[in-house]
Amino acid sequence: MTDSAGPRQWDRTESIIRALPGSIRMWLQYQRLAPKRATGGVIGGSFVFRAIRKYARDLTPLVTVSAQNTRFDLVIDPADFEVYNHTLRVWLNGSAEEALIRALMRPGYVYFDVGANYGLYALTAAVIGGASSQVFAFEPQPRLASAIRASISANSLSNVSIIAAAIGASEDLRDFYVPQTGSGIGSVMREHASSHSGVLALQVPGITLDGFVEREKISQVDLIKIDIEGAEYDAIMGSMRVLRDYQPYLGFELNSAALLRAGKSVSDIANLLRTVGYSEFFEIASLMSADATAEVISESRICNILAVPDYRMSTFSSAFDAQACKRARVDLNA
């Protein structure tokens, strides 16, 4: 899910830097020494990274990184810009979404991570839930699915399964678009994935959560996270039986601009969820931080929402005090 903290806070950790290919270590040195833009970032940093991707011969497909005070080792693709812009920073410093998993995940729970990327939240849920829990990571990008599999092996986790498919409203083969510069905005919508760079077009299996749960005979679902770059409405449409029958907590990214590209709106999602017993919505960042208060949802905002079913409100209320709920509650029809 989206995290807006400042870039490159992670590079204090020398053990990570030592594990990276030499060409990437040189690029990081350039990032430290090169002149900075007034608006943030490094002048020429993206150009140098693209040159490394094209010409460097030492870029191994996957690298395992370790650091103190993390719950698990992480396998990354060193040629993916998103790793340095977002993934390693969240792995090291945490996020509101990770804190939410820590607050809600329990032994024996079943967790679905839809749009798992490098699996940060799936791996977090697996470690917190322990061996009695089940975690399913849904990720259609082949290189990311491979990285998650490698992370599962590196951490000897037996309770995580990776499903290399795109979650939607129907079960079929579908086009999926990946930015050439990184993995962060992979989408079933070409115009969304290509908003900052060119794209690679893939064909991936498309499935619904309803169909998956029925085929796998899963009898319990407790938490679902969906972050699939504007296709959240379709994923929810394909999950209506799961949501109605199992009433899981549902966390999802709310990107109004991406939703509009898909022909949907924030209120469309809210109205859909209300039909299956979800009437309370909370902004996750505000819920997990006493220093933040939920803002009005608008077309310009990207935020992460927790939908709490009426069935789980008493459990939810015991995990968060009344003040936290009050500051985080949002009206998705505003």
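Only heavy atoms go into these numbers, but all of them, side chains included; no hydrogens, no water, no symmetry mates.
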Can you see which heavy atom on Ser219 is nearest to which on Tyr246, and at what distance? O-CE2, 3.2 Å

Closest non-hydrogen atom pair, Gly22 against Asp58: N-OD2, 3.0 Å

What distance do Ser23 atom OG and Leu59 atom CG have between them, rounded to the nearest 0.5 Å? 4.0 Å

Any chance you could measure Glu229, atom CD, to Leu259, atom CG, to the nearest 0.5 Å? 10.5 Å

Should Lys264 and Asp234 count as an ion pair when the cut-off is N to O under 4.0 Å? no

Same cluster (ILVMFWY, side-chain, under 4.5 Å), Ile24 and Leu62: no

Tell me if a side-chain donor or acceptor on Ser132 pairs with a main-chain N or O of Gly108 at a distance below 3.5 Å. yes

One should read off an interatomic distance between Lys36 NZ and Gln31 CD, to the nearest 0.5 angstrom, of 8.0 Å

Would you check if the distance from the ring center of Phe136 to the ring center of Phe212 is below 6.0 Å? yes

Is there a donor-acceptor pair closer than 3.5 Å between any side-chain N or O of Ser239 and the backbone N or O of Ala235? yes

Give me the atom names and distance for the closest heavy-atom approach of Asp222 to Tyr109. OD2-CA, 3.3 Å

Ile228 side chain near Val114 side chain, heavy-atom distance below 4.5 Å: yes

Assess the residue pair Tyr84 and Arg89 against the criterion (side-chain contact (heavy atoms from CB on, under 4.5 Å)); give the C-alpha distance rounded to whole Å, side-chain angles, the decisive distance to 0.1 Å, and a yes or no. CA-CA 7 Å; Tyr84 312 102; Arg89 176 165 40 86; over 6 Å; no

Taking atom CD of Gln203 as the centre, report whether more than 12 heavy atoms of other residues, nucleotides or ligands fall under 6.0 Å from it. yes

Just by distance, no angles: are the side chains of Thr64 and Asp73 close enough, under 3.5 Å, to form a donor-acceptor pair? no

Worked verdict on Ile17 versus Leu28 for side-chain contact (heavy atoms from CB on, under 4.5 Å): CA-CA 9 Å; Ile17 297 174; Leu28 292 173; 4.3 Å; yes

Walk me through it: do Phe112 and Val221 pass the test side-chain contact (heavy atoms from CB on, under 4.5 Å)? CA-CA 8 Å; Phe112 284 2; Val221 182; 3.9 Å; yes

Looking at Leu20, is its backbone amide N or carbonyl O close enough to the side chain of Arg25 to form a donor-acceptor pair, meaning the two atoms are under 3.5 Å apart? yes

Do Glu232 and Met237 touch side chain to side chain, with heavy atoms closer than 4.5 Å? no

Atom CD of Glu214: over 12 foreign heavy atoms under 6.0 Å: no

Side chains of Phe138 and Ile207 in contact at under 4.5 Å (non-hydrogen atoms): yes

Under the side chain to side chain donor-acceptor pair (under 3.5 Å) rule, what pairs show up with a residue in residues 144-154, not counting sequence neighbours? none

Among Tyr55, Phe81, Tyr30, which residue meets the ring pair (Phe, Tyr, Trp, His ring centres under 6.0 Å) test with Phe49? Phe81

Any chance the rings of Trp91 and Tyr118 have centres within less than 6.0 Å? no

Step by step, work out the side chain to side chain donor-acceptor pair (under 3.5 Å) result for Tyr233 and Ser265. CA-CA 9 Å; Tyr233 181 91; Ser265 68; over 6 Å; no

Counting distance only, does the side-chain N/O of Glu139 pair as donor-acceptor with the main-chain N or O of Asn117 below 3.5 Å? yes

When you measure from the side chain of Arg53 to the backbone N and O of Ala79, does any donor-acceptor pair fall under 3.5 Å? yes

Under 3.5 Å, is there a donor-acceptor pair between the side chain of Asp113 and the main chain of Ala137? no

Go through the steps for Leu100 and Leu287 under the test side-chain contact (heavy atoms from CB on, under 4.5 Å), then give the verdict. CA-CA 9 Å; Leu100 182 69; Leu287 185 66; 4.0 Å; yes

Does any donor atom in the side chain of Glu171 or Thr208 lie under 3.5 Å from an acceptor atom in the other side chain? yes

Parallel, tilted or perpendicular: which one describes the rings of Phe282 and Phe316, with boundaries at 30° and 60°? tilted

Heavy-atom side-chain contact between Leu74 and Leu123 under 4.5 Å: yes

Within the distance-only criterion (no hydrogens, no angle test), does the side chain of Arg106 pair as donor or acceptor with the backbone N or O of Ala103 below 3.5 angstrom? yes

Heavy-atom side-chain contact between Tyr249 and Ile224 under 4.5 Å: no

Quick check against the 3.5 Å criterion: does Ser289 have a side-chain atom that pairs as donor or acceptor with the backbone of Ser286? no

Rounded distance [0.5 Å steps], CG in Asp227 versus CG in Asn304: 6.5 Å

More than 12 non-hydrogen atoms from neighbouring residues, nucleotides or ligands closer than 6.0 Å to CE on Met240, yes or no? yes

Can any side-chain N or O of Glu253 pair as donor or acceptor with the backbone N or O of Gly230 at less than 3.5 Å? no

Looking only at heavy atoms, which two atoms of Leu173 and Pro205 are closest? And how far apart? CD1-N, 4.0 Å

Check whether Arg241 reaches the backbone of Leu209 with its side chain - one donor and one acceptor, N or O, closer than 3.5 Å. no

Would you find more than 12 non-hydrogen atoms of other residues, nucleotides or ligands less than 6.0 Å from Met313 atom CE? yes

Please answer: with hydrophobic residues joined when any side-chain heavy atoms are less than 4.5 Å apart, are Ile152 and Val75 in the same cluster? no

Do you know which two heavy atoms are closest between Ala166 and Pro140, and how far apart they sit? N-CB, 3.9 Å

Listed pairs under 3.5 Å, donor-acceptor, residues 157-164 side chains, sequence neighbours left out:
from	atom 1	to	atom 2	distance (Å)
Asn159	ND2	Ala126	O	3.1
Asn159	ND2	Gly130	O	2.8
Asn159	ND2	Ser133	OG	3.1

Is there side-chain contact between Tyr121 and Val90, with at least one heavy-atom pair below 4.5 Å? yes

Salt bridge (charged side-chain N to carboxylate O under 4.0 Å, His left out) evaluation trace for Glu97 with Arg102: CA-CA 9 Å; Glu97 291 70 42; Arg102 286 191 273 110; over 6 Å; no

Could you report the tightest heavy-atom contact between Leu202 and Pro142, atom names first, then the distance? CD1-CD, 3.8 Å

Could you tell me the separation between the CZ atom of Arg71 and the OG1 atom of Thr124, rounded to the nearest 0.5 Å? 7.0 Å

Evaluate the side-chain proximity of Ile236 to Ile226: yes if any heavy-atom separation is below 4.5 Å, no if none is. yes

Please examine the side chains of Pro248 and Leu243, heavy atoms only from C-beta on, and report whether any two atoms are closer than 4.5 Å. yes

Which value, rounded to the nearest 0.5 Å, describes the distance between Asn255 atom CG and Arg261 atom CZ? 7.5 Å

